[in-house]
Amino acid sequence: MISFNQKTKVFTLSTKNTTYAFGILGDKLLTHIYWGKKLKNEINENWADDFVWRSHSAFDYGDYSTNYIPLEYPQYGGGDSRICAFSARFSDGSRVTKADFKSFEILDAKPDIEGLPSVYAENGDNVQTLVVTLHDDLKNLDILLYYSVFEDFDAITRSVKIINSGEKMQIRSVLSASVDFFGAGESDIIHLDGSWARERFVTRQKIEGGNISVESGTGVSSSYYNPFIAVCDRTTTELSGNAYGFGFVYSGNFVAGCEKNTYDTVRAYMGINPREFEWVLENGQSFSSPEVILAYSPEGLSGMSRIFHKIIRERVCKGKFRDIERYALINNWEATYFDISEEKIVNIAKTAKKIGIDTMVLDDGWFGNRVDDKTGLGDWVENPEILPNGIDGLCKKINDLGMNFGLWFEPEMVSPNSNLYKLHPDWIIHTKGRMPSKIRHQYTLDLSRKDVCDYVENAVGAILKKANIGYVKWDMNRSMSEVGSAFQVSERQGEVMHRYMLGLYSILKNLNAKFPNVLFEACASGGARFDCGILQFMPQVWTSDDTDAVERVKIQYGTSFIYPYASMGCHVSACPNHQLGRTTPFDMRCNVAIPGQFGFELDLNNCTEDELKTAKKAVEDYRRLGEVFHKGDLYRISSPFDCDVSVNEFVSEDKNTVLVCIYPKTSTVASKDEYLKLAGLDETAVYECNGKLYGGDYLMNKGIHYINDREYKSVILEFKKK
Ligand code: GLA
């Protein structure tokens, strides 16, 4: 698992199929050596020879230039001119640190990170943690590098802790991971970008000289970019080749990217975005960074995704809902928008119950004076005109139908037109003397303040205590701007965005603990906060406000690069689609939503008999097949971005059930014969589908015969091992 070779001075971190190694150069400098396929032999003792500088100007480390060698945790000022992971400012104005190797320890455990979500271990997991301490003599500063090896999950997590035993200082940048790929050759970076209703489209770019980075400065992980990148060989495909993934366990501002230097070394990095961050450390104080999950696979991009899927499902998500079958729900948002009444909600629920739906979710508009999106946020008390019997009265009616009741909140926000804002105008994120911009007519509450966090926790808690609520949709519909806090002192204004995250995480942790039977689903104008941090508290996320089936195929495809289908809220909505105006067949809308956390976002009372039949069958299919979709292995066979037909294949762990989802984007009359080659099957087995028998090896080498000749002819094929 984790070993240190005294002679070669090499740390070796091994998982089931991978090795990650770094050494100590000249007893001082942590130098990255290897990350990739598991090595059977130890790293040889001359490992540093490759890194001897070929030209002039060796710096402080003998024959090695810090500007050239692969560094394990680059700091500002040591002669390395690439992007550094750590930089600080001291009271004398200096910014240089030189923290060299001091000591290490290996723990048979996975420590928590105070105040932050992180990957956790369970009894019986093969987990070890290496803690390497780097020390700066002049400034009396320690940098602790944490590496936790989740052997059976093939994943390694990294985080950093800064301990200041010297004078007061300010952290300017503290990235959580930096990995130098020495001599990277022809390689690509993959990231997920988009906007509202177009989240996580896949971008694959050549890594050429210079820096490519994605980031968020909006206070949420954002829909513009996601806190995920992959680095891969130019030749890597979905099913083969080296793929190195980085996933951030954090929901706030981040930066992630790759810098390629002139000698072809690629530095990949990820952490809190330094652009929006400063942190003061007094003597005796420490700061812990969020964690990065590193996932390497030699089996292509789908292989990398499978590593993320498993560890996110099993060791990021927490609580009762982690392992159990979740709800099949109906949400009234697209059915009614703000035009709600108790009667309407009960009527939607009654029809939903008939087709097997188990949860009715009441969306926005039930509280305060919230008649539209300009008012009421912050006043978490029922509006008696809409709910004459209160939340508890409506909840009881839904429960009496034999269904769970779910409720929408947007607790981190306040409308200018609300009682809360009138009482506490200084509770919003703002800069002294200036009013912040309104986004969706609202302000962000200042969760860097304990009193505001207490209000939010109590306001939500009071409603959850009052009625038998089984599900909460926790929304967040604006980004932060003009960031500052009336509470923090001037030198700590740069800490507000991270302190906000600490406040939010503490609220969510407390609510999870107080209400273990409530399933929380995250939402941020759709999927603008889909990340491994939020998933620790809310095991599913509303993937996008775009419910058009064709667009959803792309959004869900991109999302699956890191996040499992078990974490994606996916609903069937009415047509013409409210966001795009497109009409797709009802069965396609069902087939696209079934692999996720399934539900409806329409009034079933307006559906035809045929549609209701299809809807009922979809609920049954979801329940029957959910286990394979949510816990099986995903192979992305063809991409909706590159191909006319997108194919996702899910294989159960025992390889007995194989589900193949086929979604055409465009079709052609008299289209050509195609074979869709499957992957990951038992090649010696025979599989049955629709009464026909196929060899596993045939399906992988020849494929399924497919003709794409009818617009939107989607299908979910079920193969069973004989
Ligand atoms: C956001 C969400 C939607 C809906 C509305 C309600 O846009 O993404 O699903 O809840 O808010 O205002």
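Whatever order the structure lists them in is the order used to number ligands and atoms, beginning at 1.
Ion pair Arg624/Asp621 flagged as a salt bridge, since at least one NZ, NE, NH1 or NH2 atom sits closer than 4.0 Å to an Asp/Glu carboxylate oxygen. Residues Asp587 and Lys617 are not paired through a salt bridge, judged by the lack of any N-O separation under 4.0 Å between the basic side chain and the carboxylate. Look at Lys396 and Asp392 and you find no salt bridge, because none of the NZ, NE, NH1 or NH2 atoms lies under 4.0 Å from a carboxylate O.
Looking only at side-chain heavy atoms (C-beta outward), Asp475 and Met413 stay at 4.5 Å or farther from each other.
Seen from the ring of Trp196, Arg478 does not count as a face-on cation partner, given the 6.0 Å and 45° thresholds. At least one cation-pi condition fails for Arg200 and Phe561: the charged atom is not both under 6.0 angstrom from the six-membered ring centre and inside a 45 degree cone around its axis.
Heavy atoms of Cys523 found under 4.0 angstrom from ligand 1 belong exclusively to the side chain. Neither the backbone nor the side chain of Asp373 comes within 4.0 Å of ligand 1, counting heavy atoms alone. At a heavy-atom distance under 4.0 Å, no atom of Asn331 approaches ligand 1. With a 4.0 Å heavy-atom cut-off, ligand 1 is reached by no atom of His571. The part of Lys473 lying near ligand 1 is the side chain, judged by heavy-atom distances below 4.0 Å.
Every atom of ligand 1 with a heavy atom of Asn477 under 4.0 Å away is listed here by number and element: 1 (C), 7 (O), 11 (O). Near Gly526, meaning under 4.0 Å from any of its heavy atoms, are these atoms of ligand 1: 8 (O).
Atom 10 (O) of ligand 1 has its closest protein heavy atom at Asp363 OD1, 2.7 Å. At the top of the distance list for atom 3 (C) of ligand 1, counting protein heavy atoms only, stands Asp545 OD1, 3.5 Å. For atom 1 (C) of ligand 1, the closest non-hydrogen atom of the protein is Asp475 OD2, 3.1 Å.
With no hydrogens or angles considered, a side-chain donor-acceptor pair links Gln597 and Tyr622 at under 3.5 Å. Between the side chains of Glu410 and Asn477, a donor-acceptor pair is found at a separation under 3.5 Å. Side-chain N/O atoms of Ser544 and Glu199 include a donor and acceptor closer than 3.5 Å. In summary, the side chains of Thr444 and Glu412 do not present any donor paired with an acceptor at a separation below 3.5 Å, with no hydrogens or angles considered.
Between Arg440 and ligand 1, a contact under 3.5 Å exists for at least one N or O pair. In terms of polar-atom proximity, defined here as any N/O pair under 3.5 Å, Trp408 does make such a contact with ligand 1. The shortest N or O to N or O distance between Ala524 and ligand 1 is not below 3.5 Å.
When Asp364, Leu377, Asp372 are checked for heavy-atom proximity to atom 12 (O) of ligand 1, Asp364 turns out nearest.
Remark: distances from the non-hydrogen atoms of Met476 to ligand 1 are all 4.0 Å or more.
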